[in-house]
Amino acid sequence: MADGSNLPKAAQLKILRLEDAEQQAQTLISSTVRRIGELERIIMNNPDGERGDAIREEIALLRERRDEHTDRHRSCCDVNAAIRRYLEMLPANAVLSDAKRIKARPRAGESLADAVDRIRRDIGNLVAEKFQVEQAGLPVDEIRAKARDWISRHAQTARPRITATHNEFAISFEVYDEKATVPMPDIAAIMAFLYPERLTKRIDEAIEQMPKPRLALSAEQKAKRLREIKDLLYERETEEETLISLAEEQGQTIDRRPTADPRAILGLVVDRNRARAA
């Protein structure tokens, strides 16, 4: 899959254009370095010549352009490498198709570069929110519910073994702490069996004293919001790529982000479910 041979036509064309951009940047670096060398030799051969100052100024300008071309080449290399890694990870039988093209235009008074910057701020905000949601704590009610479930389950595991015969009567709790480095009775489980109501009350008191998280979400709420953020990120990155492509058509250069979703850059739809079913 890494060679892109199984990609739909539009995605193959995008890869070719990305590779061309990388090669063009490399060509510009080479030609600029070569021209700098030619001018430096002129200065070396005739340091006090009439054009010396102008040539030195031109060399300084060319060095700035060389650095710009180098940054551009590095950006293209990073993007292309990220896309290759993504394609290498796709299943060989993945079902691929071209995504539906969307329309994206700058807002009134915006340039294409301004529009891309705005969308990238949106992307940054979504990434930050994703991190916050992933780190979100649980609501107090859900923590209490989990505590009650824990007490109930451990009370069952701690049910004692009772021996009652004509010759012997004994009660033993044969439940051990799995995290202990040496065999040790699981005291918490035994307490859950003997005093479930009292243990529940004390645990509730301890829960009330816990520091409150800045953001509290149930497992269901967290999963739902993460799905929404994932979809929004893809939408924004698709808009970003559409604007960058539009800028290229108008002769403007806007570097892509190596961290952008390769599917958004390539305009690619990947159906992994159908791939697994094949």
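The figures here come from the full heavy-atom set of this structure, side chains too, leaving out hydrogens, waters and symmetry mates.
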**Message:** Less than 3.5 Å apart, any donor N or O on the side chain of Glu249 or Ser245 sitting next to an acceptor on the other?
**Reply:**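 No, Ser245 and Glu249 have no side-chain donor paired with an acceptor closer than 3.5 Å.
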Using modelled atom types only, decide if a donor and an acceptor are shared between the side chain of [X] and the backbone of [Y] within a distance under 3.5 Å.
| X | Y | value |
| --- | --- | --- |
| Ser152 | Arg148 | no |
| Lys130 | Lys230 | no |
| Thr165 | Asn167 | yes |
| Gln24 | Ala21 | no |
| Glu237 | Asp261 | yes |
| Glu19 | Leu16 | no |
| Asn45 | Arg41 | yes |
| Lys14 | Ile265 | yes |
| Asp271 | Ala94 | no |
| Thr27 | Gln23 | yes |

**Prompt:** Taking all atoms of both residues into account, what is the closest heavy-atom pair of Ile43 and Arg56, and its distance?
**Reply:**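 So the minimum-distance heavy-atom pair works out to CG2-NH2, 3.9 Å.
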**Request:** Quick one: closest heavy-atom pair of Leu62 and Thr32, and the distance?
**Result:**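 Heavy-atom minimum between the residues: O-CG2, 3.3 Å.
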**Item:** Pairing residues for Leu199 by the side-chain contact (heavy atoms from CB on, under 4.5 Å) criterion, not counting sequence neighbours
**Value:**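 Leu199 satisfies side-chain contact (heavy atoms from CB on, under 4.5 Å) with Ile151, Met191, Ala192, Ile203 once adjacent residues are dropped.
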**Message:** Please report the interatomic distance CG(Asp71) to SG(Cys76), rounded to the nearest 0.5 Å.
**Reply:**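 One gets 11.0 Å once the value is rounded to the nearest 0.5 Å.
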**Message:** Let me confirm one number: the CZ-CG distance from Arg256 to Asp78, rounded to the nearest 0.5 Å.
**Reply:**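 It comes to 13.5 Å.
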**Asked** If you count the non-hydrogen atoms of other residues, nucleotides and ligands that lie under 6.0 Å from CZ in Arg153, is the total more than 12?
**Response**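 Check passes, neighbour count above 12.
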**Item:** Glu208 side chain reached by Asp204 side chain, heavy atoms, under 4.5 Å
**Value:**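 Asp204 does not reach Glu208 side chain to side chain.
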**Request:** Please identify each residue that fulfils ring-ring contact (aromatic ring centres under 6.0 Å, His included) with His154, with sequence neighbours left out.
**Result:**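 For His154 the ring-ring contact (aromatic ring centres under 6.0 Å, His included) partners, ignoring immediate neighbours, are Trp150.
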